[in-house]
**Q** 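The structure is given below, and queries will be raised subsequently.
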Amino acid sequence: MSFIGQNTLRTKQLNRSLVLQSILRLEKPSRQEIAAFTKLTPATITNIIGELMAEELVVEIGSMEGGEKRAGRKTIVLDLNEESKRIAGVHIRSDRVEFGIMTLKGKVLQFHRFPIPEKIDQNDFLDVLIKELEGFLSTSKVPVSCIGVGSVGLVDFDNGRILEAEHMGWENVDLVSAISSRFHIPVYLDHHVRGMALAEKLFGSCKNETDFLCVYLGQGIGSGMYLRDQLFRSDLTGAGELGHMIYQPDGTPCWCGSRGCLERYASEAAIEKEFNVSSIDDFITGCKHGNENMLKGARDAGKQIATVLTSFINMLHVNKIMVGGKLADSELPLLSEIRNEVRELSFLDKKRQVEIEASSMGEQVGVIGAASLALLYAIFHANLTEKR
């Protein structure tokens, strides 16, 4: 699907979102440029921009510089009013939770994390999460307008539930209901790596990519994907479980019930176990200090990830793959190994190379992704959607 709006009343919500995303994508455009980009009529753009300015979401920032001088009205350029709203992001990993407060342009103003105790009951986890979130939000000088949550596990986006995180012993966790009943603002939940893909689309290097994959290397391995300029989400489970694609048939047993899953070999958890380190930071430090055994481990993980990505690329020849997580550090050989192996193994990549890059958002990609979910659905869609 192309980035084109529709001039009908029933698509007002979509058109509003397209206009706001256009301002992010085009970076300080004029009304005329937004109309040309979205294929909306000038009158529609004028009306939407008027409403957004009344809400203080969009501001005029002066006349367009450069170009030929012409008689008539000056061309006024627009921008998001970055200071008008604050959005909270909650990133739930298997081992920790990360909080962030973000502006409309993806800038993280505050960041906090806390560990998740092993084998914590899901009800106890909700109590801890809400208590920690209360403390974190109380430190913000400006109240947040909405909360986005990105979580591990199988996530029911429509009903705001974690359907299952079997490796944590959780099932049917009504996360959105618990958080929204405490804070009384819109709350949205999705799989954490789909949120990261959305963040790459809104704020990263994929603004103008229609087809790309986002891979996150954490305690497990997950993915989110844009196809035809739309965030891909498959019915109830959402899909995107790259870490549970089979790397080694009849290999290491996995908690999911299968054997030989990729994340049993190339995730943070797998590497920590193999090298007997207390955290992935210890492994990364060892690599940077020239530990040959650990450097080989990083290269091996890159090859293993590339083997699975090759099958993905040969099926869905996306334009770009963004890799997030600490293991994507440019000083480690893992990312370059992924590139080299994909170039060697994928016959479609030989026809058109897939760009493979590390996310520019660093360790904050999780909270930016989570907050991006709330930004899109609560603010860009003007809260017209049902609260998730």
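Here, residue 1 is the first one in the sequence, and each next residue gets the next number. On a predicted model such as this, the values are computed, not experimentally measured, just so you know.
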**Q** Can you tell me if Asp124 has over 12 outside heavy atoms packed within less than 6.0 Å of its CG?
**A**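 Yes, because the 6.0 Å sphere around CG of Asp124 holds more than 12 heavy atoms from other groups.
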**Q** For a quick test of reading the model, state the closest non-hydrogen atom pair linking Val193 to Gly224 and the distance between them.
**A**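 Result for this residue pair: CG1-N, 3.5 Å.
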**Q** Relative to the ring of His91, is the ring of Tyr216 parallel (under 30°), tilted (30 to 60°) or perpendicular (over 60°)?
**A**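 Geometry flag for His91 against Tyr216: perpendicular rings.
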**Q** Leu57 and side-chain contact (heavy atoms from CB on, under 4.5 Å): which partner among Asn81, Leu104, Ile49?
**A**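 Exactly one candidate clears the test, Leu104.
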**Q** For Phe99, which of Val367, Leu129, Leu137 qualifies under side-chain contact (heavy atoms from CB on, under 4.5 Å)?
**A**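 It is Leu129, the one option of Val367, Leu129, Leu137 that forms the side-chain contact (heavy atoms from CB on, under 4.5 Å) with Phe99.
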**Q** Ignoring hydrogens, what is the shortest heavy-atom contact between Ala370 and Val90? Give both atom names and the distance.
**A**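 Distance-wise, the nearest heavy atoms are CB-O, 3.4 Å.
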**Q** Flag this pair as yes if the NZ/CZ of Arg233 is under 6.0 angstrom from the six-membered ring centre of Phe157 and inside a 45 degree cone about the axis; otherwise no.
**A**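 Yes; both conditions hold, so Arg233 lies above the ring face of Phe157.
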**Q** Would a distance-only check, ignoring hydrogens and angles, find a side-chain to backbone donor-acceptor pair under 3.5 Å from Ser17 to Leu14?
**A**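 No.
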**Q** For Ile368 and Gly106, which heavy atoms make the closest approach, and how far apart are they?
**A**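 Minimum heavy-atom separation between Ile368 and Gly106: CD1-O, 3.9 Å.
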**Q** Find out whether the Lys NZ or Arg CZ of Lys201 is both under 6.0 angstrom from the six-membered ring centre of Tyr226 and within 45° of the ring's axis.
**A**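 Judged by the rule (NZ or CZ under 6.0 Å from the ring centre, within 45° of its axis), Lys201 counts as positioned above Tyr226.
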**Q** Go through the side-chain N and O atoms of Ser94 and His167 and say whether any donor and acceptor fall under 3.5 Å apart.
**A**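 Per modelled atom types, Ser94 and His167 side chains form a pair under 3.5 Å.
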**Q** Any donor-acceptor pair under 3.5 Å linking the side-chain atoms of Glu272 with those of Ser279?
**A**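 Note: Ser279 and Glu272 side chains miss the donor-acceptor criterion.
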**Q** Are Thr252 and Tyr265 linked by a side-chain donor-acceptor pair shorter than 3.5 Å?
**A**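 Yes, side-chain donor-acceptor contact under 3.5 Å.
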